[in-house]
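Naming: A, B, ... by sequence-line order, numbering from 1 per chain.
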2 protein chains.
Amino acid sequence: MDTFALKKAGLKATLPRLRILEILEGGGDRHLSAEDVYRALLDAGEDVGLATVYRVLTQFESAGIVERHNFDGSHSVFEMARGPHHDHMVCLDTGQVVEFFDEEIEKRQHVVAAANGFDLLDHSLILYVKRKR
Amino acid sequence: MDTFALKKAGLKATLPRLRILEILEGGGDRHLSAEDVYRALLDAGEDVGLATVYRVLTQFESAGIVERHNFDGSHSVFEMARGPHHDHMVCLDTGQVVEFFDEEIEKRQHVVAAANGFDLLDHSLILYVKRKR
DNA sequence: ATGCCTGCAAAGCTTTTGCAGATGC
DNA sequence: GCATCTGCAAAAGCTTTGCAGGCAT
């Protein structure tokens, strides 16, 4: 199962790590805060500490297994780093998160960076939106 | 002077507020953390509290006098809301901040939001870059 | 067996808040 | 004079770290 992904990252396949992977892969919301993951573990009857959740998520991030985002300035959210790159829009009314990818935006970012004498290493794009009515 | 901008925002023209405006407008770096502003005040011999700096910056943000950004997840930086909208690229080697504006990116953001049934209210775009060599 | 992990509690950082005194108008 | 504002200290919220015991290999 997921033990492989962990071993590949040089991480022992411990119970907390496997459970956290399950939660991130689970069918629900795919963008979870550390607190969200912690609560989900408690709800599932698991006995893990919040500190472990933070440690594991940080390790997963370093290993490229999950991505960390900052939709608002106050806390991080994590999602499985499955598949190709995408950015996010966040509904300010409901908190709903929608993923999107726009080739043109991606391209322009490289152009803009190059025009200023830089190489583009990474970027963060978040659209704050509201449902149309 | 700047007293006008403050009055217009319904804020009394107090010494701390005027000094903070001066620092933000001053010739140096235009993207300052609360701590940066606080340090600059101390260096200038002013006797203000860090709490006041935070309060004033937050009030300025509400009044539209300054903008708050989160270049990294760990703290906010502030800049005067002078002139037209722009985004930022941050050099991961030096911390240098470069402002830019790209019409095409701006346009596509609206298109993408609309395509998902949303109105675009705001956005945050940060390019993480490295000087070319 | 041994070195990596974990839970707990404590600490760290940035930011906010309560309160009594000070200040602008 | 009165409401607003400020400094200080304390607290809050998120995240990290130290440590002693526990687990995977």
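- Looking at the side chain of B:Y54, the nearest of the listed nucleotides C:dT14, D:dG7, D:dT17 is C:dT14.
- Residue A:R17 is in sugar-phosphate contact alone, with no base atom involved, counting any heavy-atom pair closer than 4.0 Å across all strands shown.
- For the atom pair CG (B:D87) and OG (B:S124), the distance works out to 7.5 Å, reported to the nearest 0.5 Å.
- Note on B:T14: only backbone sugar-phosphate atoms sit closer than 4.0 angstrom, heavy atoms only; bases stay farther off.
- Taking NE2 of A:H123 as the start and CD of A:E106 as the end, the distance is 4.5 Å to the nearest 0.5 Å.
- Across its full length, the helix from C:dA1-D:dT25 to C:dC25-D:dG1 shows an angle of 30° between the axes of its 5 terminal pairs at either end, rounded to 10 degrees.
- Here A:E35 pairs with A:R39 in a salt bridge; the nearest charged N to carboxylate O distance falls below 4.0 Å.
- The residue A:S74 sits close only to the backbone: its heavy atoms come under 4.0 Å of sugar-phosphate atoms, none of a base.
- Side chains of A:R68 and A:L57 form no contact here, defined as non-hydrogen atoms less than 4.5 Å apart.
- If you check C:dT6, C:dA9, C:dC25 against the side chain of A:A51, the one that comes closest is C:dA9.
- Taking the side chain of A:S76 as heavy atoms from C-beta on, and the options D:dT15, D:dT6, C:dT17, the nearest nucleotide is D:dT15.
- Rounded to an integer number of Å, the gap from CG of B:L57 to P of C:dT15 is 10 Å.
- Classified by interplanar angle (parallel below 30°, tilted 30° to 60°, perpendicular above 60°), the ring pair A:H85/A:F101 is perpendicular.
- Proximity of A:M80 to A:F60: side-chain heavy atoms (C-beta onward) are nowhere separated by under 4.5 Å.
- Whole-Å rounding puts the A:L18 CG to C:dC5 C1' distance at 13 Å.
- When heavy atoms are screened at a 4.0 angstrom cut-off, A:L11 is found touching the sugar-phosphate backbone but no base atom.
- Here D:dA3 presents its P atom at 19 Å from NZ of B:K7, a figure rounded to the nearest Å.
- The side chain of B:A13 lies closest to C:dC25, out of C:dC25, C:dA9, C:dT6.
- Set against D:dG7, D:dA24, C:dT15, the side chain of A:K12 has D:dA24 as its closest nucleotide.
- Taking atom CD of residue B:Q59 and atom P of nucleotide D:dC5, one finds them 6 Å apart after rounding to whole Å.
- At D:dT16, one or more side-chain N or O atoms of A:T58 fall inside 4.0 Å of OP1 or OP2 (strictly under the cut-off).
- For B:R55, counting side-chain heavy atoms from C-beta on, the closest listed nucleotide (D:dG7, D:dT4, C:dT14) is D:dG7.
- Ion pairing between A:R108 and B:E104 fails under the 4.0 Å rule for side-chain N and carboxylate O.
- Atoms CG and CG, on A:D119 and B:L92 in that order, are 11.5 Å from each other to the nearest 0.5 Å.
- As a whole-Å value, the separation of B:Y38 OH from D:dG7 P is 9 Å.
- Heavy-atom distances under 4.0 Å link DNA chain C to no residue of residues 41-48 of chain B.
- A heavy-atom distance below 4.5 Å is found between the side chains of A:L6 and A:L18.
- A tilted orientation is assigned to the rings of B:F71 and B:H31, their planes being inclined by 30° to 60°.
- Taking atom CG of residue B:L15 and atom C1' of nucleotide C:dA22, one finds them 13 Å apart after rounding to whole Å.
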